[in-house]
Peer 1: 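Dumping the structure here so I can ask a few things about it.
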Amino acid sequence: MINISINGKKIGLEGPATVLEAARRHGIDIPTLCNHPALELWGGCRMCVVEIEKMPRLQTSCTVMAADGMTVYTETPRVVAARKSVLEFLLINHPLQCPTCDKAGVCKLQDLTVKYGAVAGRFEEGKRTFPESVDDPLIVRNMERCIMCTRCVRMCDNVQGAFAIGVVNKGTRSHVEPFSGGRYNCEYCGNCLNVCPVGAIMSRLHRYTYRPWQMDKTVKTICSFCGVGCTQLLEVRSGAIQKVSPVFGEGVNKGLLCGRGIFGYGYVGSPERLKTPLIRKNGVLEPAEWDEALALAERKMLEIKNLHGGRAIAGVAGGRCTNEENYVFQKLLRAGFGSNNIDSVARLGLMHAQNLLEDIFGQGAAANLISGIPRSDAVITVACDPTQTNPVMGLQVRAAARAGKKVLTVGHAHGLRRHRTHSLPAHIGTEGMALAGLLSELLKIKKLPGENPEFEAAIKNFELPRLEEVETYTGVSAAMLSGAASALKDVSSSSIIAGRELAAHRDARRNLMLLAAIGYILNSRFFLISEHPNEQGLIDMGCAPDTLPGARPIALQTFRERYEEAWGVKLDPEPGLSLMEMFEQAGDTVRAMYIMGENPAFNLPGRKMVKSALGKLDFLVVQDIFMSETAAMADVVFPSLAWSEKEGTYTNLEKRIQKLEKAIEKNPEKKVFLMEDWQILMEIGKRAGLNMPYTASSDIIDELARLSPLHAGLGYGDLAETGMMWPYKGKPLRMGGRIPALPVSRAEAPSKEQALAPVLVLDKPLFHSGTLSRHAGPLLDIMAEAEAKLSPETGSVLEVTDGAMISISTAEGEMALKVKFEKGLPVGAIFAGNNFGEAGALGLFGYELEPESKTPILRFANLEIKLETGKL
Amino acid sequence: MKSEKSQREKTFSPGALTRLEEIKKKYPDKRAALMPALYIAQDEFGWLRPEALKAVAQYLELPEMTVRSTATFYSIYKHEQAGRNMVRLCTNVSCMVLGASTLKGTLKTLYGLAPGGTSPDGRFQLEIGECIGACDRGPAMLVNDDLHTELDTKKLIQVLESYK
Amino acid sequence: MTRYLIPDACIRDIGEYEKTGGYQGLEKALSMEPGQVVEEVKKSGLRGRGGAGFPTGMKWMFAAGDPKFPKYIVCNADEGEPGTFKDKALLKNNPHILIEGMAIAAHALKAETGYVYLRAEYPKEKEILEAALAQAHEKGFLGENIMGSGARLDIQVHRGAGAYICGEETALIDSLEGKRGQPRLKPPFPVNAGLWGKPTVVNNVETFANLPFIMRAGAQEYMKIGAPDCPGNKLFSVSGHVEKPGVYELPMGITLKDIIYDHAGGIKNGKALKAVIPGGVSAPVLPPDKIDCPMDFVSVQKWGSMLGSGGVIVFDEDTCMVQVAHRALQFFEHESCGKCTPCREGTGWLRAILERLETRQGREGDIRLLEDVSRNIAGNTFCPLGDGAAMVVLGFLKHFKEEFSEHIENGCPYGRTGKRPDRPAPVQ
Ligand SMILES: Cc1cc2nc3c(=O)[nH]c(=O)nc-3n(C[C@H](O)[C@H](O)[C@H](O)COP(=O)(O)O)c2cc1C
Ligand code: SF4
Ligand code: FES
């Protein structure tokens, strides 16, 4: 216990703390400018000075550690005089633009000047001038206002790890800039502008549009872009989001956001939003009344059910829809239409990976705290780049690196190239084989922990390849493998982050078993990349052909009966069709489809097949907020509400259930009447005679909590501000033990031509998520067009230059893309994203089904790359 | 005269690469080789143009911004296209009281050299230096790496005329 | 009086150096346990010659006591203090004494790598030092198995790039690591977490140069030289208006008067003394009635200034103090690293006020303002550079206030033009 006294108040401290932290924890405020709890100590601004007995000089409370017996005074005349002088110094070069500065009202310098009294302008020479920089589409820099606290730079370098901005020059001439002065070449996390205490770095999105005190309301909610589930604050005025920012210290993200989270909200206010239901008449979608559309949907679906049976109907649930909506969705399909043909994007890998890990380690094996990542001794990423797909989780990996932990990347992970300590750069698609090599090396130097004899027996029976085989297949040398293994020798805890490609693989079972084995040996917590904000919720809500809400098998009678009783209908005990099978069988066994918040015609491989499948249906209903490629093919389209316009919950990749708050009331004067997805489904369900007595989304959670053993007892009241990990409370339920057999699969070394042949890789650029981001202006400003990213080395092999237009064709399709060189990408790989309408790269991929889980594995055949002539 | 394009694509010459390799060996951490690498880059590229900074960044595997931020902290590096010969005239206290201010005037009138500027013929670049450690024989200046001391107007001209 | 730092004739050849007893101090040190060497240096009372006068033996003891390895020794040869050129003289005239001193320190601390952070403006000295290092390697005073003792040491020269603040030891360390040379937060101190987080001893060139003598002659002998609290010889760089400017090796505690009149030949051209800065531009100025001040770390402080680097700058009766103060503040503004507010903003402000006085735009209240701004800087900066700037201004005002008032009322009494000077700072 450290005992100190601050302003006469006795304070006892449990652990080490700075004087500033000690004071703040006990309600004594000390003003600061350069200090920030997320950043390392700096001590430059000198605002936080205090008097400490027995120390002749004033001390900066933000840097001095509290020591037993210290007597501190925070507001003596001497202290106040020093703070005044610091303010005077800061103001000599600070322009007095408060009346026009967007920061006015939330500016720390302004607040402090008010608190300590404005200092008369004793400085009479010209102020330092820097032209305002508006070269960047999203970020405006006004360096005259900068007070050199360097918070932005420390944020960029040490937390974000982007190293995109820095202080240039020395002394009074110092200012903050990106490398090329004007436009940023960065990750656009926006965290620099969130930590700027003054108006020196700001967002351009809401420039000069409002003053902070003119906001109608601020609403704390959860981001809609990915499975991390960051907490964000929406500032709303006149029915529109004006600004999004993180909340320091709160949520999974603790005050950080990524570019999508901070700049991507624009899609909500897009003029292209659907405003009325549409019905296809004479081949054309035409606006219709709600009643007519709802009745039509219900009537047609029941007609098909009566004619062909429930199994002729299929549904795709939505990874951006809430738990409540997905619950009602599967209930409508199962109980209303009699179909178990329900699936979702979780089929693309997450579900398979999770199922297998849970078989071995128990339900909730992947329910782990993201904040625990930097606390483990080592972090291993496999077949993923979390800094792109789940950026704020990626930051935790970077934080681990900063804390001196081991970071091993298996496969390509560009965003961690500066942070990893070890890497196994396996060719794309061969990461699992590299794991085999790593496991065999680990087994040589590490003892099995002895906790799970059954699994250990299985591990011992693994037939592992020889290191030479691994090398020919993956390109990873034996030395790299043994180096990585010996780096992991002494770790006592670790975190493993795995991408969906590991499960969307011909050798998925082998890959996942190896992952599990390595995780078992290294005492790992597992994290599965989740690209959609509620991908986990899809699984938990039973939006799968074989499971009911609570993720329990529908084949299990006791379980099924619970739901039958509650819903008052008999359920089909046979699992339904999986995602790709539904489309494959369209027009044949499948006659109608209901798609909620998904765009399969664009977001799935085998695009030609999927589109033609949709065309073969007798009836297609789509709920969406935009006229997506899929909606354009529908017979009935229902407009729905976006994330900030509704209530409900998302389950993030930690299995944390978090509540969305409604920021925008969409139907204030009923000019446009829009419904939340669950309301639309309920209207149809009720017409079909289902018992759906919901008046609010919380009623749905209540029903779920009564039925799903996994959610027993859950209610909105329990969802504390930042949600909870129901029912794990931070610990996985360890009750697995069904050890699947490891298929013996020994890879064949690829031929020389195969090894050198260019490969097409589905890129997941940080700034886009596909359908939504196409409607978010600022994200388009950062990345305006589809591009094919490749390394300069690949460029010279293919004889293309940076910026050239190339046409890529495969058996599936052809598209033109602009080449963008990026150093450090694997040689031979061409990365193309699926984000832009005409050039969505999934149009180039076919697929093949992994037999066990029916996960589609991306495939391409007959790849050809040509220079587009005349477009250089 | 090289075209802009070839300048842009310029990287280190084999000789420079050898020197860089040598330097890297002096330190347990490659970042420590940054300052010496910047000197080499400046020799290679003429001054620390963005391409030079990029080349250093790439060679040492450092972020480009880190390289620029560090480089601009130090005033000896050439941050701009410079004249052929770098004149660093010390005007700090010791040299000043011995007449350095007059020399500054001379440079201006005879060579058109203002502090921070380049002479119209591109022959000289003038930096007003801080103390160069020759106070006992001031006024003093460095021209490139050569020290010249006990300057007066006559000697100043004499010295400068020996640089082309 | 014994001189042991700078010989009469320049010695660059290692053979010559050995003939005068060179490397015997190292031999002696190697025959002792590292702990004994530290003890001996502690006993000698040697104080660091870089400016702060911190006891060298203590510094070593802290570093030696830290269990972390490797340890590093760093020679601070950044010599940026205006009016100082003694480290340069040592490097030029007796480079081996530095190498020997560093080798002794390395042995005492069990360090195997040393760096010399050499200021950019000394390219010739870099060549000289590197040649000497090569010789020492060849002769087995550096490298593997030094003089058969099993010890090893490599010394690398690192060239600075023109930033005065890099003389401050933590800024120097950051600079050596390839960063912007800004002072680090202390604690931890370099002796525990310096270069790459490892225990690091930073000493000035002249400090290292004292070691061979201490080893050879023993702490007892060493203590007989100089002042009681500050033993040994000191190098004084004398510049400005004296007949014989140059570097003088004299015992600590010699008076300023003796330095100026006995050794440097008195004021140039028979003029009268007006003022003297005793320890480089960062030290407050002293008026003629203070030249009886003994030149050692303790005394100079008592007399109202600091010994600093021992850069004695002498001004004759025709020197304008405002001009000198103005130039000094240009220096501080230019060299402020920008990390802390009072120094970054305050030095420029002081310079601006002094510029007004220089250009006949001074007005009433300017002197109060100078004092006020200086006091607001002093005591509240991150490192001593900012403090120094403030103390310098206060020093000039203390002793030459009338001259400042005169500038406001009637302009420069020395008839210098009132034209706005084209100012050098900032360079970039
Ligand atoms: C602004 C500033 C500049 C300094 N410049 C130098 C310098 O040029 N050379 C030097 O040896 N010490 C310089 N010092 C002192 C160093 O910080 C450090 O005290 C010294 O290198 C320690 O060596 P010593 O104990 O041998 O004196 C400077 C200190 C400050 C605050
Ligand atoms: S006093 Fe402050 S700004 Fe000045 S040099 Fe020291 S740390 Fe840098
Ligand atoms: S907050 Fe402590 S110095 Fe800035």
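Within every chain, numbering begins at 1; the chains are lettered A, B, ... in the order of the sequence lines, protein sequences first and strands thereafter.
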Peer 1: Between C/Trp196 and B/Arg31, is a side-chain contact (heavy atoms from CB on, under 4.5 Å) present by the stated rule, with each step listed?
Peer 2: CA-CA 11 Å; C/Trp196 302 294; B/Arg31 178 159 182 183; over 6 Å; no

Peer 1: What residue, out of B/Arg137, B/Met35, B/Lys30, has the most heavy-atom pairs lying under 4.5 Å from chain C?
Peer 2: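 Among the listed options, the one with the most contacts to chain C is B/Met35.
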
Peer 1: Check this for me: does any side-chain nitrogen of one of B/Glu130 and C/Arg119 sit under 4.0 Å from a carboxylate oxygen of the other?
Peer 2: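 Not counted as a salt bridge, because no side-chain N and carboxylate O are separated by less than 4.0 Å.
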
Peer 1: Minimum heavy-atom separation for B/Tyr39 to C/Gly160, with atom names?
Peer 2: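 Closest pair (atom of B/Tyr39, atom of C/Gly160, distance): OH-O, 2.5 Å.
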
Peer 1: When rounded to the nearest 0.5 angstrom, what is the spacing between CG in C/Leu195 and CG in B/Asp29?
Peer 2: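 Answer for the CG-CG pair, C/Leu195 versus B/Asp29, is 10.0 Å.
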
Peer 1: Can you tell me which portion of C/Tyr122 sits under 4.5 Å from chain B's heavy atoms? Options are side chain, backbone, both or neither.
Peer 2: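 The side chain, not the backbone.
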
Peer 1: Given the rule in the side-chain contact (heavy atoms from CB on, under 4.5 Å) test, do B/Val93 and C/Phe331 qualify, once you have shown the distances and angles that lead to the verdict?
Peer 2: CA-CA 9 Å; B/Val93 175; C/Phe331 165 75; over 6 Å; no

Peer 1: Taking C/Lys88 for the side chain and B/Gly133 for the main chain, is one N or O donor matched with an acceptor at less than 3.5 Å?
Peer 2: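 Flag set: sc C/Lys88 to bb B/Gly133 pair under 3.5 Å.
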
Peer 1: Do you know the tightest heavy-atom contact between C/Arg180 and B/Thr72?
Peer 2: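 For C/Arg180 and B/Thr72, the tightest heavy-atom pair comes out as NH1-OG1, 4.2 Å.
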
Peer 1: Indicate the atoms forming the closest heavy-atom contact of C/Gln323 with B/Ser101, along with that distance.
Peer 2: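 Looking at all heavy atoms of both residues, the closest pair is NE2-OG, 4.1 Å.
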
Peer 1: Mark yes or no for whether B/Tyr74, through its side chain, and C/Gly181, through its backbone, hold a donor-acceptor pair below 3.5 Å.
Peer 2: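 Between the backbone of C/Gly181 and the side chain of B/Tyr74 there is a qualifying donor-acceptor contact (under 3.5 Å).
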
Peer 1: Would you mind checking which part of C/Lys179 comes under 4.5 Å of any heavy atom in chain B, side chain (CB onward), backbone (N, CA, C, O), both or neither?
Peer 2: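 When you check distances to chain B, atoms from both the backbone and side chain of C/Lys179 fall under 4.5 Å.
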
Peer 1: For B/Met96, does its backbone N or O pair with a side-chain atom of C/Arg327 as donor and acceptor, under 3.5 Å?
Peer 2: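 No, because the side chain of C/Arg327 does not come within donor-acceptor range (under 3.5 Å) of the backbone of B/Met96.
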
Peer 1: With no hydrogens and no angle check, just 3.5 Å: does a side-chain donor-acceptor pair link C/Thr113 and B/Tyr27?
Peer 2: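 No, because no side-chain N or O of C/Thr113 sits under 3.5 Å from a partner of the opposite role on B/Tyr27.
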
Peer 1: Need one label for C/Pro123: side chain, backbone, both or neither, based on atoms under 4.5 Å from any heavy atom in chain B.
Peer 2: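 Only the side chain of C/Pro123 comes within 4.5 Å of chain B.
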
Peer 1: Please classify the contact between C/Cys166 and chain B as side chain, backbone, both or neither, with a heavy-atom cut-off of under 4.5 Å.
Peer 2: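 Just the side chain, heavy atoms under 4.5 Å.
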
Peer 1: Under 4.5 Å heavy-atom distance to chain B, tell me which part of C/Thr319 shows up: side chain, backbone, both or neither.
Peer 2: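 Contact with chain B involves the side chain of C/Thr319 alone.
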
Peer 1: Please find the pair of heavy atoms, one from B/Asp136 and one from C/Pro245, that lie closest to each other, and give the distance.
Peer 2: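 Nearest pair, atom of B/Asp136 first, then C/Pro245: O-CG, 3.1 Å.
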
Peer 1: May I ask you to name which of C/Pro70, C/Ala264, C/Ala120 has the most heavy-atom pairs under 4.5 Å with chain B?
Peer 2: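 Heavy-atom pairs under 4.5 Å are most numerous for C/Ala120.
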
Peer 1: For a side-chain contact (heavy atoms from CB on, under 4.5 Å) check, start with the C-alpha distance between B/Ile128 and C/Gln330, then their side-chain angles and the critical distance, and finish with the verdict.
Peer 2: CA-CA 11 Å; B/Ile128 294 302; C/Gln330 283 184 334; over 6 Å; no

Peer 1: Using only non-hydrogen atoms and a strict under-4.5 angstrom cutoff, which residues of residues 146-164 of chain B touch chain C?
Peer 2: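 Within residues 146-164 of chain B, near chain C: B/Asp146, B/Leu147.
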
Peer 1: Work out which heavy atom in B/Cys131 is nearest to a heavy atom in C/Gly83; give both atom names and the distance.
Peer 2: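 Taking every non-hydrogen atom into account, SG-N, 3.6 Å.
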
Peer 1: Considering only heavy atoms from C-beta outward, does the side chain of C/Glu121 approach that of B/Ile76 to under 4.5 Å?
Peer 2: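 They are in contact (side-chain heavy atoms under 4.5 Å apart), so the answer is yes.
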
Peer 1: Of the backbone (N, CA, C, O) and the side chain (C-beta and beyond), which part of C/Val238 lies under 4.5 Å from a heavy atom of chain B, both, or neither?
Peer 2: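 Just its backbone gets close to chain B.
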
Peer 1: For chain B, find which of C/His241, C/Arg159, C/Lys86 contributes the most heavy-atom pairs closer than 4.5 angstrom.
Peer 2: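 Top count of heavy-atom pairs under 4.5 Å with chain B: C/Arg159.
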
Peer 1: Answer with side chain, backbone, both or neither: which region of C/Glu177 has an atom nearer than 4.5 Å to a non-hydrogen atom of chain B?
Peer 2: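 For C/Glu177, backbone heavy atoms alone lie under 4.5 Å from chain B.
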
Peer 1: With a 4.5 angstrom heavy-atom cut-off, could you sort out which part of C/Ile313 is near chain B: side chain, backbone, both or neither?
Peer 2: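 Looking at C/Ile313, just its side chain touches chain B.
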
Peer 1: Within the structure provided, determine whether B/Ser94 and C/Phe315 are in side-chain contact (heavy-atom separation under 4.5 Å).
Peer 2: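 Contact flag for B/Ser94/C/Phe315 side chains = no.
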
Peer 1: Using non-hydrogen atoms and a 4.5 Å limit, figure out which bit of B/Ile132 sits close to chain C: side chain, backbone, both or neither.
Peer 2: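 Contact with chain C: backbone and side chain both.
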
Peer 1: State, to 0.1 Å, how close B/Ser75 and C/Gly162 come at their nearest heavy-atom pair, and which atoms those are.
Peer 2: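 In terms of heavy atoms, the two residues are closest at OG-O, 2.8 Å.
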
Peer 1: Pick one of side chain, backbone, both or neither for C/Lys268, based on which atoms fall under 4.5 Å of a heavy atom in chain B.
Peer 2: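 It is the side chain, since no backbone atom gets that close.
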
